Asker: 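Take this structure, written in structure tokens, and hold onto it; I'll ask about it next.
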Amino acid sequence: VRPLTGLGDWLARVRWVDGTPDRGLRRWLRPANGRVWSVAVPDTPQQRLALVDRLLGPLRDGDGEPALHALLREERARLARQIQTASTRKRLRHTLHTLKQSLYPYQHSGVERFFLRGRLLLADDMGLGKTAQAIAACHALWHTGRVRRGLLVVPAALKPQWLREWQLFTDVPAAVIEGSPAQRRAAFDACARGFLLGNYEQLIRDIDVVREWTPDIVVLDEAQRIKN
């Protein structure tokens, strides 16, 4: 039964049914009843990653539940991001203090959540500074060398406003994509480091150019528009 508060831990509900797990995996399992073994979830991300790798072993051979295989692969990627971020979190936090404008505590929480997960959907109410949080995350990642270049996709009418806010918060280079197809391609070719600001209609036309350019991070404003 999931607890009524908190996230719970889905990994604790994984069961090994029938057969005896190998010695390496038995380190992480406990006999439950009969031929069932339950998972003893470790405390640290590093140990949890080791457990996930062990569980993935038999599943790679085609045994077990396919859905569990997918969940474990996603968990492995999440843990790898978490461990990597933990090693640089102090630097990332310090870099937030080099913003031109300071953040509110709840904005710091949003940015930290992004550092932990590697992806984030911000759904704060209008006027609470979602744009500032996105800019702060890009600022920290760029200044710590975690990303070289990124793409901001926003409604066309908001491009000037985004550029103003960008320049208000950070010194990271950014430019607006405008002009003919050839001029837009030239903008991508010229940007080895920094951020480009485009709109959704351009993305439809320039998607192949964007893929070749390979941004390290993508920010979507009014993200529901991406479904079209």
Side-chain angles (χ1 to χ4, degrees), residues 74 76-103 107-108 110-122 129-156 158-223 225-226:
E74 184 174 334
R76 193 189 191 290
R78 185 190 71 79
L79 288 166
R81 283 195 303 269
Q82 182 178 348
I83 292 167
Q84 181 189 27
T85 300
S87 66
T88 58
R89 185 174 293 178
K90 183 179 282 190
R91 288 177 58 210
L92 289 167
R93 283 176 175 166
H94 173 75
T95 308
L96 291 178
H97 295 296
T98 66
L99 286 164
K100 295 178 182 179
Q101 305 283 333
S102 58
L103 298 178
Q107 291 175 314
H108 270 284
V111 176
E112 290 246 350
R113 182 73 163 181
F114 170 72
F115 292 156
L116 181 63
R117 300 303 297 265
R119 62 194 70 181
L120 187 68
L121 177 63
L122 276 172
K130 296 183 291 294
T131 301
Q133 290 178 69
I135 294 171
C138 293
H139 173 94
L141 292 171
W142 194 84
H143 274 291
T144 55
R146 293 282 299 276
V147 304
R148 295 171 304 144
R149 56 195 184 198
L151 179 65
L152 314 171
V153 186
V154 309
L158 297 183
K159 285 158 76 174
Q161 177 182 327
W162 258 88
L163 186 60
R164 281 196 304 271
E165 286 214 45
W166 185 274
Q167 293 168 344
L168 187 67
F169 274 90
T170 180
D171 58 354
V172 177
V176 173
I177 305 169
E178 297 285 12
S180 66
Q183 289 171 320
R184 297 197 302 271
R185 177 178 278 277
F188 282 103
D189 292 342
C191 184
R193 294 186 77 246
F195 284 75
L196 292 176
L197 231 166
N199 54 272
Y200 287 93
E201 294 79 8
Q202 290 172 339
L203 182 64
I204 293 171
R205 302 186 190 103
D206 299 339
I207 188 66
D208 291 334
V209 178
V210 172
R211 285 177 176 146
E212 291 173 17
W213 189 61
T214 57
D216 299 311
I217 183 172
V218 176
V219 176
L220 303 176
D221 189 19
E222 301 288 347
R225 297 191 180 200
I226 202 67

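Only a predicted model underlies this, so the values are computations on that prediction, with no experimental measurement involved.
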Asker: Shortest non-hydrogen contact from Val111 to Ala136?
Answerer: CG2-CB, 4.1 Å
Asker: With a 6.0 Å cut-off (strictly less than), is the heavy-atom count around CZ of Arg119, excluding the residue itself, greater than 12?
Answerer: no
Asker: If you take all heavy atoms of Arg91 and Thr144, which pair is closest and at what distance?
Answerer: NH2-O, 3.2 Å
Asker: For Arg149, is there any backbone N or O sitting under 3.5 Å from a side-chain donor or acceptor partner on Asp216?
Answerer: yes
Asker: Please list, chain by chain and in numerical order, all residues satisfying side chain to side chain contact (heavy atoms under 4.5 Å, CB included) with Ile83, sequence neighbours excluded.
Answerer: Pro45, Gln46, Leu49
Asker: So if I apply the side chain to side chain contact (heavy atoms under 4.5 Å, CB included) rule between Val176 and each of Asn199, Leu163, Leu196, which one comes out positive?
Answerer: Leu163
Asker: If you take all heavy atoms of Trp166 and Ala174, which pair is closest and at what distance?
Answerer: NE1-CB, 3.3 Å
Asker: So, do Leu92 and Thr95 sit near enough that their side-chain heavy atoms are less than 4.5 Å apart?
Answerer: no
Asker: In Å, rounded to the nearest 0.5 Å, how long is the span from CG of Leu152 to CD1 of Ile135?
Answerer: 8.0 Å
Asker: Enter the distance from Leu120:CG to Glu112:CD here, rounded to the nearest 0.5 Å.
Answerer: 12.0 Å
Asker: Could you tell me which residues satisfy side chain to side chain donor-acceptor pair (under 3.5 Å) with Glu222, sequence neighbours excluded, listed by chain and number?
Answerer: Gln224
Asker: Measure from the side-chain N and O atoms of Gln107 to the backbone N and O of Gly129, and report whether any donor-acceptor pair falls under 3.5 Å.
Answerer: yes
Asker: Is there a side-chain contact between Leu103 and Gln133, using heavy atoms and a 4.5 Å cut-off?
Answerer: no
Asker: Run the side-chain donor-acceptor check on residues 181-192: report pairs under 3.5 Å with partners two or more places apart or on a different chain.
Answerer:
residue : atom : partner : partner atom : Å
Gln183  : OE1  : Ser180  : N            : 2.7
Gln183  : OE1  : Ser180  : OG           : 3.4
Arg184  : NE   : Asp206  : OD1          : 3.4
Arg184  : NE   : Asp206  : OD2          : 2.6
Arg184  : NH1  : Gly179  : O            : 2.9
Arg184  : NH2  : Asp206  : OD1          : 3.1

Asker: Using every non-hydrogen atom in the two residues, find where Val219 and Cys138 come nearest and quote the distance to one decimal.
Answerer: CG2-SG, 3.8 Å
Asker: Taking C-beta and beyond as the side chain, do Phe195 and Ile217 meet within less than 4.5 Å on heavy atoms?
Answerer: yes
Asker: For the residue pair Pro215 and Gly150, what are the closest heavy atoms and their distance?
Answerer: CB-CA, 4.2 Å
Asker: Could you measure the distance from the NE2 atom of His94 to the NE2 atom of His97? Nearest 0.5 Å is fine.
Answerer: 8.0 Å
Asker: With the side chain counted from C-beta on, respond yes when Arg93 and His108 share a heavy-atom pair under 4.5 Å apart, and no when they do not.
Answerer: no
Asker: Which atoms form the tightest heavy-atom contact between Gly194 and Trp142, and what is the distance?
Answerer: N-NE1, 3.6 Å
Asker: List the steps, then state whether side-chain contact (heavy atoms from CB on, under 4.5 Å) holds for Tyr200 with Leu220.
Answerer: CA-CA 9 Å; Tyr200 287 93; Leu220 303 176; 3.7 Å; yes
Asker: Among residues at least two apart in sequence or on other chains, which ones pass side chain to side chain contact (heavy atoms under 4.5 Å, CB included) with Arg78?
Answerer: Arg48, Glu75, Arg81, Gln82, Arg117
Asker: Can you name the side chain to side chain donor-acceptor pair (under 3.5 Å) partners of Thr170, sequence neighbours left out?
Answerer: His139
Asker: Please collect all salt bridge (Lys or Arg N to Asp or Glu O under 4.0 Å) contacts where either partner lies in residues 164-173, sequence neighbours excluded, each pair once.
Answerer: none
Asker: If you draw a 6.0 Å radius around CD in Gln101, do more than 12 non-hydrogen atoms from other residues or ligands fall strictly inside?
Answerer: yes
Asker: Can a donor-acceptor pair be found, under 3.5 Å and without considering hydrogens, that links the side chain of Lys159 to the backbone of Ile177?
Answerer: yes
Asker: Is Arg76 atom CZ crowded by more than 12 heavy atoms from other residues, nucleotides or ligands, each under 6.0 Å away?
Answerer: no
